[in-house]
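So the structure is just underneath, and the comments pick up after that.
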Amino acid sequence: MSTKESKPNLSHSQVTDILKRLYGLTTSVIRPLPSYIDQNFHVVSSEGGEYVLKAMNSADSQDTAVIELQNYSMTFLHQRGLPAQTALPTLTGQLMSLEEIDCGFGTQIYLVRLLTYLPGTTISKISINTQILYDIGKMAATLDTVLLQMEHPNISVLHRDNFIWSLASIPLLNQYIHVMDGDPVQKVVEAVMEQYQVQVRPKLPLFRKCINHGDLNDRNLLVNQDGPSKYAISGILDFADMSCGYFIFELAITIRYMMTESPNPLDVGGPVVAGWESVFPLNEAERDSLYWLVLCRFCQSLVIARYTVIQQPENEEYVRMASKKCVQHLSRLWELGKDEVERRCFQNAAQFSQS
């Protein structure tokens with residue numbers, strides 16, 4: 001977990017200097033973009049190009065090997081037809097630069113990258129429908145199957161032990177559960193964590209392994225309108241949570257985040273699963289664990305968001321947005337229970353596939 005001093009807070013003049021010095025760009029527009037623990041800017045150069053400048057938080061900036069794998073993965077996906085951003089070289093040919101910057105709490109080292117800018121609208125800003133949910137499920141499965149083909153001499157760095165956002169790290173939430181401070185939903189979180197240990201953990205050896213994007217949320221997927229109520233996926237953003245994991249983790253994470261923006265969250269699972277299984281059918285153990293893993297991701301979002309607000313009170317609006325409706329959806333899924341939620345999800349998936 002990063003402390004509140006870890007998030008960069010670059011000024012307009014600092015951003016202008018970095019762009020000129022590292023990339024030879026003269027900027028005409030610098031617009032801040034929302035971010036959880038990093039700092040992102042939409043940049044328009046005087047020459048007419050559009051980019052995203054990304055300054056990593058100082059804690060993650062120390063792990064350059066992981067960020068190098070992220071850069072490599074984005075290029076690997078882009079070359080194979082998936083709409084991922086790619087990192088652009090500095091004037092000296094480097095894809096990232098470690099910069100000593102004082103953001104108001106002493107000089108720290110931040111890793112800086114310039115990424116391609118992808119046009120489109122985030123999922124959070126559209127009226128979500130079954131067509132785009134199916135396509136998102138299909139894209140998520142495709143992404144993981146393509147990453148499975150990737151080779152790199154340092155690929156082992158994606159085995160991120162005790163990475164708090166991995167669904168294999170649910171027991172680590174115990175360290176932060178105190179931030180719930182007696183909230184009634186805390187009992188649900190603790191019950192879900194217990195069910196993870198009983199119902200999911202023993203099945204891990206039966207799950208198919210892969211490399212996960214790990215954060216296909218409603219702000220990390222871009223779409224372009226492709227008809228009156230039809231959308232096409234135009235961008236996959238933010239590979240910071242990449243790690244070695246399991247296919248079923250990616251599906252559960254995707255369903256959890258797509259529930260956030262849907263007026264009928266219980267209807268989300270069906271089309272996402274149908275799209276996913278058009279590429280990568282689930283096995284019995286994966287299917288039996290999906291409900292619990294979706295709830296686990298809600299628990300992670302809720303607990304980590306509350307912890308982060310304590311660490312970064314100035315970032316409360318974004319953090320709260322990232323975890324909005326968690327209590328409502330988690331409580332509803334828990335009340336309905338595994339059998340009912342699965343019945344709706346898998347029946348809808350079967351009907352969607354047949355239509």
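Since this is a predicted model, take the numbers as computed values, not measurements.
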- Query: Are L77 and I236 close enough, and set up right, to give a side chain to side chain contact (heavy atoms under 4.5 Å, CB included), and what steps lead you there?
  - Reply: CA-CA 10 Å; L77 291 167; I236 307 167; 5.8 Å; no
- Message: Can a donor-acceptor pair be found, under 3.5 Å and without considering hydrogens, that links the side chain of N220 to the backbone of D215?
- Response: yes
- Kindly assign one of parallel, tilted or perpendicular to the pair Y134 and F352, based on the angle between their ring planes and the thresholds 30° and 60°. parallel
- Item | Joint hydrophobic cluster, L95 plus V112, side-chain heavy atoms closer than 4.5 Å | no
- The salt bridge (charged side-chain N to carboxylate O under 4.0 Å, His left out) partners of D238 (sequence neighbours excluded) come to none
- Task: Name the orientation class of the two ring planes belonging to F76 and Y72 (parallel below 30°, tilted from 30 to 60°, perpendicular beyond 60°).
- Result: parallel
- Message: We want to know whether K7 and N57 form a side-chain donor-acceptor pair, criterion being a heavy-atom distance below 3.5 angstrom.
- Response: no
- Side-chain contact, heavy-atom cut-off 4.5 Å: T90 with Y23? yes
- Do M259 and L333 come within less than 4.5 Å of each other through their side chains, counting heavy atoms only? yes
- Report the C-alpha separation of I128 and V268 in whole Å, then their side-chain angles, then the decisive distance to 0.1 Å, and conclude whether the side chain to side chain contact (heavy atoms under 4.5 Å, CB included) test is met. CA-CA 10 Å; I128 207 162; V268 164; 5.9 Å; no
- Query: Are any non-hydrogen side-chain atoms of I18 and V15 less than 4.5 angstrom apart?
  - Reply: no
- Message: Quick one, R256 and S301 - any side-chain contact, counting heavy atoms below 4.5 Å?
- Response: yes
- Check whether more than 12 heavy atoms from other residues, nucleotides or ligands sit under 6.0 Å from atom CZ of R208, and answer yes or no. yes
- Task: Flag the pair S331 / V185 as yes when at least one side-chain heavy-atom distance between them is below 4.5 Å, and no otherwise.
- Result: yes
- Message: Could you check whether R297 and Y257, counting side-chain N and O atoms only, form a donor-acceptor pair closer than 3.5 Å?
- Response: yes
- Answer yes or no: is there a side-chain heavy-atom contact under 4.5 Å between K20 and T26? yes
- Heavy-atom check, side chain of F207 versus side chain of V200, under 4.5 Å: yes
- Task: Answer yes or no: is there a donor N or O on one side and an acceptor on the other, between the side chain of N40 and the main chain of V52, under 3.5 Å?
- Result: no
- Got C299 and L330 here, is their nearest side-chain heavy-atom distance under 4.5 Å? yes
- Item | Test item: side-chain donor near acceptor, Q94 and T92, under 3.5 Å | no
- Message: Quick check against the 3.5 Å criterion: does H213 have a side-chain atom that pairs as donor or acceptor with the backbone of L237?
- Response: yes
- Could you go through the side chain to side chain contact (heavy atoms under 4.5 Å, CB included) check for I67 and D63 one step at a time? CA-CA 7 Å; I67 300 170; D63 203 345; 5.7 Å; no
- Note on the structure: For T130 and P271, the nearest pair of non-hydrogen atoms, with its separation, is O-CB, 3.8 Å
- Message: Is there a path of hydrophobic side-chain contacts, each under 4.5 Å between heavy atoms, that joins F239 and L222?
- Response: no
- Message: Looking at every heavy atom in both P171 and M193, which two are closest together, and how far apart are they?
- Response: O-CE, 4.4 Å
- Have Q351 and Q347 got a donor and an acceptor in their side chains that come within less than 3.5 Å? no
- Here the pair of heavy atoms bringing Q14 nearest to D102 is NE2-O, 3.1 Å
- Task: Evaluate side chain to side chain contact (heavy atoms under 4.5 Å, CB included) for R80 paired with M150, printing each intermediate quantity in order.
- Result: CA-CA 11 Å; R80 284 152 184 80; M150 186 175 70; over 6 Å; no
- Checking S234 side chain against P83 main chain: does a donor-acceptor pair fall under 3.5 Å? no
- W292 side chain vs C296 backbone, donor-acceptor pair below 3.5 Å: no
- Item | E50-H42 side chain donor-acceptor pair, cut-off 3.5 Å | yes
- List for me each residue that meets salt bridge (charged side-chain N to carboxylate O under 4.0 Å, His left out) alongside D17, sequence neighbours excluded, and say none if there are none. R21
- Donor-acceptor pair, side chain of D288 and main chain of E284, under 3.5 angstrom: no
- Message: Please check this pair: side chain of E250 against backbone of A141, looking for a donor-acceptor N/O pair closer than 3.5 Å.
- Response: no
- Item | Over 12 foreign heavy atoms within 6.0 Å of CD, Q149 | yes
- Salt bridge check: are R343 and E340 linked by an N-O gap of less than 4.0 Å? yes
- Query: For M74, does its backbone N or O pair with a side-chain atom of Q85 as donor and acceptor, under 3.5 Å?
  - Reply: no
- Item | Shortest non-hydrogen contact between L143 and L82, atoms and distance | CA-CD2, 3.7 Å
Counting only pairs under 3.5 Å, give me each side-chain donor-acceptor contact of residues 159-168, with atom names and distances, residues two or more places apart or in other chains.
from, atom 1, to, atom 2, distance (Å)
R160, NH1, A240, O, 3.0
R160, NH1, M242, O, 2.7
S166, OG, A168, N, 3.1

- Query: What closest approach, in Å, do I101 and Y110 show between heavy atoms, and which atom pair accounts for it?
  - Reply: O-CE1, 3.7 Å
- In terms of heavy-atom contacts, does CD of Q197 have more than 12 from other residues, nucleotides or ligands at under 6.0 Å? yes
